[in-house]
Each structure stands twice: as structure tokens, then as C-alpha cells.
2 protein chains.
Amino acid sequence: MNSRSQPCCGVARFLTILDGPWATLIIRELLNGPLRFTELRKQLEGVSAHTLTHRLKRFEENGIVSRTAYAETPPRVVYELTEKGMELREVLNAMRVWGDSLESAEPEKTVSNSIESCPFSQK
Amino acid sequence: MNSRSQPCCGVARFLTILDGPWATLIIRELLNGPLRFTELRKQLEGVSAHTLTHRLKRFEENGIVSRTAYAETPPRVVYELTEKGMELREVLNAMRVWGDSLESAEPEKTVSNSIESCPFSQK
DNA sequence: ACCTAATAGTTCATTTTTTGAAGTAATGAT
DNA sequence: ATCATTACTTCAAAAAATGAACTATTAGGT
């Protein structure tokens with residue numbers, strides 16, 4: 001997309017870090033608490049290991065996710081949002097509010113308002 | 001990514017519509033008012049016509065942008081956010097707040113807090 | 001001792017996207 | 001008649017994502 005240096009616009013900065021498929025959904029999952037690599041894969045049906053690895057690496061480099069590896073066999077690696085990462089909750093909440101508001105317009109079917117409707121706690 | 005049907009999670013819905021490079025930045029530009037195709041291209045340095053066309057088509061299909069073509073020569077086509085599209089301002093604001101908050105951590109240089117720092121008005 | 005299972009990746013070939021450059025139709029101005 | 005302008009479309013090349021297979025390590029079962 002743009003160039004190498006950090007963009008000056010906050011929106012663009014956000015987009016630089018949370019770019020690409022699955023990025024934001026990974027954050028959504030981690031907002032519910034730390035997860036292992038495999039747990040993330042299971043919850044995000046369809047992510048390839050490759051993409052997941054890349055996203056997590058970028059998140060780590062940007063200080064929004066921490067990675068803790070336990071020297072066990074089989075290995076155990078736990079990913080967790082940092083404070084900076086936790087602050088993304090507000091952004092995801094805004095997305096959720098907007099996304100949920102679309103339902104009313106679609107006549108097809110009112111989406112179930114089950115507890116599962118959005119898989120991260122609002123506060 | 002996932003399947004064809006609308007995702008039940010608001011976050012995922014948002015991401016389905018605002019997916020891919022430039023998508024959110026296009027909205028950012030349109031939050032300042034209607035723009036022609038060429039004006040968008042000029043302001044988003046680096047978008048290809050191809051990508052811009054595709055994004056705008058998707059936005060139109062999802063009712064967040066309206067397209068008005070004037071039968072002139074050379075043609076004039078104006079893109080404008082619908083009410084639904086305007087409501088994205090809150091999401092972009094949340095992104096901007098988060099993105100701007102990153103500066104403090106980076107010791108390199110305090111980013112100029114010029115009027116241009118984020119190219120859409122906050123309210 | 002041997003075999004199996006499990007985790008967190010990596011590697012690689014295939015498919016999908018994005019890019020960048022070039023082309024197109026229409027017509028008012030020069 | 002030629003040129004310029006706009007909003008695209010088309011096409012080849014580059015970049016990214018996917019899906020499947022593979023790897024190192026070692027605890028546990030037989």
C-alpha cells in the first residue's frame with residue numbers, strides 16, 4: 001500500500017497494524033483472554049497456520065500482543081493482548097455496534113440475539 | 001475467508017464490507033464530503049483504478065455509499081456516504097484515537113499535531 | 001525398545017488479489 | 001481534425017493467502 005514510514009493519521013496507523021485477513025478477528029478472540037496457537041486456529045475456522053503465524057508476529061512486533069513459549073513437549077505458546085492491545089476493545093466495540101445495526105435493514109431474517117452473537121465481552 | 005452468508009458477529013460484518021486495502025481509507029476521505037472518482041484517486045496516493053472501482057462497487061452494493069453519474073462529457077461520477085455510511089464515523093474515530101495514542105510510546109519523534117494529522121473532521 | 005500422538009510452527013505449490021500500465025468511449029474546446 | 005478529460009476496463013506481473021504436507025521434540029502406551 002503506502003510507504004514504509006509510519007503514517008501520520010491515526011486511522012492509517014491502525015490499519016497498518018491490523019491489516020489483512022483475520023487480523024482483527026484474532027484480536028477479537030484474544031479480547032476474551034489469552035489463547036494458545038492451536039486454540040486460535042480452532043476458534044477462527046479457516047485461518048491457515050501460515051497466516052496466523054504472520055499476523056501474530058506482526059502484532060508482537062508492534063507491541064499489542066505478547067508471546068510466551070513454555071519449554072515443554074509438545075510445545076505450548078500462549079498469546080495475550082498487551083495493554084495497548086486491550087485498548088483495541090473500544091475500536092472493536094464500535095465495529096460491532098455498527099455491524100449489528102445493519103440487521104434491522106435486512107428483511108431476510110432477524111439475526112438471533114443469542115449470547116454468542118458477538119464473541120467478546122463488551123466491557 | 002469465511003463463507004458466503006452474512007456473519008452473525010457485528011465485527012465480522014463490518015470486516016466483510018470494509019475488507020481489503022484502501023477500503024477504510026476511502027471511507028475516511030468520504031467522511032469529509034462527496035468526491036468524484038478522480039478526486040478519490042488523487043487523495044489516496046497509490047490506489048489503482050481497479051481496486052478503487054471494486055471497493056466503491058462493494059460499498060454501493062452494501063448501501064454505505066451512493067453513486068451519482070452525470071451524463072456529461074467527460075463523465076462526472078460523484079460518490080457520497082449514505083446515512084449508514086456516515087455512521088462509520090464513530091468506528092473511524094475509535095481507530096484514530098487508538099492510532100494517535102501510539103505516538104507517546106514511540107520515542108523517535110513526536111508526530112506533528114497539525115490540523116492535517118487526521119484528514120476527517122471529528123464531529 | 002518401538003510406535004503413536006500432540007504442538008507450533010515451516011515449506012511449498014496453487015489460487016486469489018493487488019498493482020501498474022495501457023487502452024477505451026464520448027465529446028467539448030482549440 | 002486534433003487534443004484533452006473522465007471514469008472506467010483489460011491485461012500481465014507481483015504480492016499475498018490458502019491448503020496440504022512436513023518437521024522437531026518427547027511423553028505415554030505396549
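Within every chain, numbering begins at 1; the chains are lettered A, B, ... in the order of the sequence lines, protein sequences first and strands thereafter. As the structure is a prediction and not an experimental result, all values here were calculated from the model.
- Proximity of B:Arg41 to the phosphate of C:dG20: no side-chain N or O atom is located under 4.0 Å from OP1 or OP2.
- Rounded to whole angstrom, the span from the NZ atom of A:Lys42 across to the P atom of C:dA6 amounts to 10 Å.
- Phosphate proximity of D:dC8 to B:Tyr79: present, with a side-chain N or O under 4.0 Å from OP1 or OP2.
- Note on B:Thr38: a side-chain N or O is less than 4.0 Å away from OP1 or OP2 of D:dA7.
- What separates CD of B:Glu39 from P of D:dT5 is a distance of 15 Å, to the nearest Å.
- Atoms NE2 (A:His54) and P (C:dA8) sit 18 Å apart, rounded to a whole Å.
- Side-chain N/O atoms of A:Arg36 include one lying less than 4.0 angstrom from OP1 or OP2 on C:dA8.
- Here A:Trp22 reaches the OP1 or OP2 of D:dT18: one of its side-chain N or O atoms lies under 4.0 Å away.
- Aromatic ring orientation, B:Tyr79 versus B:Phe37: tilted (interplanar angle from 30° to 60°).
- Within the 4.0 Å cut-off from OP1 or OP2 of D:dA17, not a single side-chain nitrogen or oxygen of A:Thr51 is found.
- OP1 or OP2 of C:dT18 lies within a sub-4.0 Å distance of a side-chain N or O belonging to B:Arg55.
- The separation between A:Leu52 atom CG and D:dT18 atom P is 11 Å, rounded to whole Å.
- For C:dG9, the OP1/OP2 oxygens have no side-chain nitrogen or oxygen of A:Arg76 closer than 4.0 Å.
- The closest donor-acceptor contact from the side chain of A:Glu60 to the backbone of A:Lys57 lies at 3.5 Å or more, if one exists at all.
- Atom CZ of B:Arg58 is separated from atom P of C:dT17 by 10 Å (rounded to the nearest Å).
- The side-chain contact (heavy atoms from CB on, under 4.5 Å) test with B:Arg55 singles out one residue from B:Ile26, B:Asp19, B:Thr24, and that residue is B:Ile26.
- Spacing between atom CD of A:Glu45 and atom P of D:dG19 amounts to 11 Å, rounded to whole angstrom units.
- One atom, CD of B:Glu72, and another, C1' of D:dA7, lie 12 Å apart when rounded to the nearest Å.
- The distance from atom CG of B:Asp19 to atom C1' of C:dT18 is 12 Å, rounded to the nearest whole Å.
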